[in-house]
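Some notes on the structure that comes next.
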There are 2 protein chains.
Amino acid sequence: MIITKAGRRMFPAMRVKISGLDPHQQYYIAMDIVPVDNKRYRYVYHSSKWMVAGNADSPVPPRVYIHPDSPASGETWMRQVISFDKLKLTNNELDDQGHIILHSMHKYQPRVHVIRKDCGDDLSPIKPVPSGDGVKAFSFPETVFTTVTAYQNQQITRLKIDRNPFAKGFRDSGRNRMGLEALVESYAFWRPSLRTLTFEDIPGIPKQECRDLKTGCIFSKLDNLVLRQTKA
Amino acid sequence: MIITKAGRRMFPAMRVKISGLDPHQQYYIAMDIVPVDNKRYRYVYHSSKWMVAGNADSPVPPRVYIHPDSPASGETWMRQVISFDKLKLTNNELDDQGHIILHSMHKYQPRVHVIRKDCGDDLSPIKPVPSGDGVKAFSFPETVFTTVTAYQNQQITRLKIDRNPFAKGFRDSGRNRMGLEALVESYAFWRPSLRTLTFEDIPGIPKQECRDLKTGCIFSKLDNLVLRQTKA
DNA sequence: CTATTGGCACCTAGGTGCCAACAT
DNA sequence: ATGTTGGCACCTAGGTGCCAATAG
């Protein structure tokens with residue numbers, strides 16, 4: 001994922017559906033992004049692979065993206081697809097725009113938090129998400145990404161250009177569709193939720209995620225709460 | 001004010017500051033637009049005046065613009081300038097976009113409503129604003145306007161073009177500044193709140209509005225609540 | 001005749017990857 | 001050699017009044 005000083009959106013954006021909330025209870029919904037491991041990476045061209053290149057840089061100020069519809073009733077949240085498309089990433093550790101601060105060349109995992117309103121008094125864009133009984137965290141391992149300031153892999157560039165409406169100016173309509181379609185399939189992040197996935201094994205991420213054998217939908221479950229990723 | 005089938009913003013937008021709310025109470029804030037009288041108007045060029053041209057057309061479906069930040073705490077509302085710039089007007093009586101429906105060539109008065117959350121169960125974009133103890137309505141007579149589908153008065157056109165950023169393409173930089181500035185002064189709607197105003201006498205609008213003799217600010221008062229118009 | 005409509009050129013506002021310059 | 005930056009052309013999305021055509 002590209003990160004800049006000014007702040008850059010994630011693409012594609014995380015989109016989820018939620019069920020199992022109390023319709024009449026108020027909730028905040030938030031996202032934060034946590035390191036997958038303690039490593040710094042570099043991209044090795046000749047093998048087309050990310051390789052460990054030392055230990056992670058020192059931690060950055062904690063940031064939380066509170067979904068702009070927050071707070072809202074369980075009914076409201078469950079009725080809509082919850083999109084995080086306005087969330088922005090930055091590599092500026094002094095950022096004052098409330099963007100999520102990350103290190104370049106590191107691996108990260110986005111997390112979705114559901115916070116009962118009465119447990120959200122301590123919720124803040126610049127403090128870690130509070131923990132407790134009324135707070136649940138969900139994550140989808142196939143959404144793990146590596147941060148960069150410039151694309152390392154020409155295929156990722158192609159993918160972004162072809163799927164992001166704002167990059168239409170760079171599209172090459174005479175491009176090899178065969179290669180592109182095959183490539184899309186190989187990146188879980190873009191994969192429609194309706195097909196079978198094999199998850200990467202991400203150390204440190206609890207495997208609460210499941211796959212509905214009938215629909216192929218990816219979902220994450222906690223008590224009676226279910227979060228499901230939706231197609232872009 | 002221009003109205004179209006697709007919906008058009010008001011320009012300039014209404015902007016208010018509010019004080020006297022209970023900081024911890026939740027409120028909706030909404031706007032509706034009511035007829036000033038029962039007349040239809042036409043513009044007479046040679047006298048540069050709006051003249052009565054018969055009785056008003058039949059009533060249109062009631063519409064309410066609920067401020068998108070609703071509901072929010074009194075504290076939140078009082079901290080910010082409350083802007084109604086996303087509100088749109090239409091002359092399409094079959095509108096399904098939730099825009100406010102008006103007749104062309106009629107005179108209207110925007111109203112701001114402050115609704116305590118527990119009194120807002122009946123609040124809806126397509127129903128009249130509920131009345132009762134927890135609901136207060138404010139209006140500023142200098143914001144009365146006449147609806148059109150095309151500008152009747154070349155001076156209004158000039159004013160809009162020169163003040164609205166989206167109309168920059170029509171600006172004539174070599175234009176008579178003298179005439180324009182004098183014109184701005186003569187239209188109360190644009191006048192900065194910090195100068196003395198003489199209100200037009202609008203029949204049917206209760207005169208709860210006041211002027212602070214020291215600051216010249218226009219404000220509207222109900223119990224301990226005070227609404228004040230802000231400069232654009 | 002007057003009032004309305006829809007397509008248009010021209011803006012604002014802001015999200016893309018590119019690329020040459022720069023930093024380390 | 002590798003990673004980062006800022007200006008840029010090129011988009012999306014949508015708010016202006018203009019104007020010729022149309023409706024009544």
Side-chain angles (χ1 to χ4, degrees), chain A residues 1-13 40-46 50-51 53-54 57 85-93 97 99 102-106 146-173 175, chain B residues 1-13 40-46 50-51 53-54 57 85-93 97 99 102-106 146-173 175:
Chain A
M1 209 68 73
I2 293 269
I3 58 179
T4 65
K5 192 171 172 184
R8 208 82 153 180
R9 291 184 176 181
M10 291 177 62
F11 185 85
R40 169 175 250 280
Y41 288 81
R42 67 189 190 89
Y43 191 74
V44 181
Y45 287 87
H46 65 81
W50 286 100
M51 309 285 283
D57 296 347
D85 57 337
K86 300 249 188 332
L87 178 156
K88 286 189 178 178
L89 310 179
T90 183
N91 59 350
N92 179 11
E93 305 199 19
Q97 304 299 303
H99 300 150
L102 301 176
H103 281 128
S104 186
M105 314 306 263
H106 290 239
T146 309
T147 46
V148 293
T149 57
Y151 289 128
Q152 307 293 307
N153 178 340
Q154 180 57 45
Q155 302 183 293
I156 288 285
T157 310
R158 243 204 268 175
L159 207 46
K160 301 266 187 175
I161 289 176
D162 267 312
R163 317 285 287 197
N164 190 329
F166 291 108
K168 193 175 272 184
F170 299 102
R171 278 184 203 163
D172 175 7
S173 48
R175 183 157 273 157
Chain B
M1 209 67 76
I2 294 270
I3 58 179
T4 65
K5 191 171 172 184
R8 208 84 150 177
R9 291 185 176 181
M10 288 177 64
F11 185 84
R40 169 176 250 279
Y41 289 81
R42 70 190 187 86
Y43 192 74
V44 182
Y45 285 87
H46 65 80
W50 287 100
M51 310 284 283
D57 297 346
D85 58 337
K86 299 246 187 338
L87 177 156
K88 286 191 179 179
L89 310 179
T90 183
N91 59 350
N92 179 11
E93 305 199 20
Q97 304 300 301
H99 301 150
L102 301 176
H103 281 128
S104 187
M105 315 306 265
H106 290 239
T146 309
T147 46
V148 294
T149 57
Y151 289 127
Q152 306 294 307
N153 179 340
Q154 180 59 43
Q155 301 183 293
I156 287 286
T157 310
R158 244 205 270 174
L159 207 47
K160 300 268 186 172
I161 289 177
D162 266 312
R163 317 285 287 197
N164 191 328
F166 290 108
K168 193 176 271 183
F170 299 102
R171 277 183 205 165
D172 175 6
S173 47
R175 182 158 275 157

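Chain naming here is simple, since letters A, B, ... match the order of the sequence lines and numbering starts at 1 in each.
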Determine all donor-acceptor pairs shorter than 3.5 Å in which one atom belongs to a side chain in residues 5-12 of chain A; sequence neighbours excluded.
{"residue": "R9(A)", "atom": "NE", "partner": "D85(A)", "partner atom": "O", "Å": "3.4"}

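Side-chain atoms of T147(A) come within 3.5 Å of backbone atoms of H103(A) as a donor-acceptor pair (strictly under, hydrogens ignored). Under a 3.5 Å cut-off, the side chain of Q152(B) and the backbone N or O of A150(B) do form a donor-acceptor pair. Under a 3.5 Å cut-off, the side chain of T90(A) and the backbone N or O of T4(A) do form a donor-acceptor pair.
As judged by a 4.0 angstrom heavy-atom cut-off over every strand, K86(B) is placed among residues making no nucleic acid contact.
Remark: S104(B) engages I3(B), T149(B) in a side-chain contact (heavy atoms from CB on, under 4.5 Å) (not counting sequence neighbours). Legend: residues meeting side-chain hydrogen bond (donor to acceptor under 3.5 Å, both in side chains) with Y151(B), ordered by chain and number and at least two apart, are absent. Residues passing the salt bridge (Lys or Arg N to Asp or Glu O under 4.0 Å) test with R40(B) are D57(B), sequence neighbours excluded.
For DNA chain D, the outermost nucleotides in 5' to 3' order that have an atom under 4.0 Å from a heavy atom of chain B are dG14(D) to dC18(D).
Between T157(B) and P165(A), the one whose closest nucleotide on DNA chain D sits nearer the 5' end is P165(A).
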Worked check of side chain to side chain contact (heavy atoms under 4.5 Å, CB included) between L89(B) and M1(B): CA-CA 9 Å; L89(B) 310 179; M1(B) 209 67 76; 3.7 Å; yes
Within the sub-3.5 Å range, which N or O atoms of nucleotides 2-5 of chain C have a protein N or O partner, and how far apart are they?
{"residue": "dT4(C)", "atom": "OP1", "partner": "S104(B)", "partner atom": "OG", "Å": "3.4"}
{"residue": "dT4(C)", "atom": "OP2", "partner": "S104(B)", "partner atom": "OG", "Å": "3.0"}
{"residue": "dT4(C)", "atom": "OP2", "partner": "T149(B)", "partner atom": "OG1", "Å": "2.7"}
{"residue": "dT4(C)", "atom": "O5'", "partner": "T149(B)", "partner atom": "OG1", "Å": "3.4"}
{"residue": "dT5(C)", "atom": "OP2", "partner": "N91(B)", "partner atom": "ND2", "Å": "2.8"}

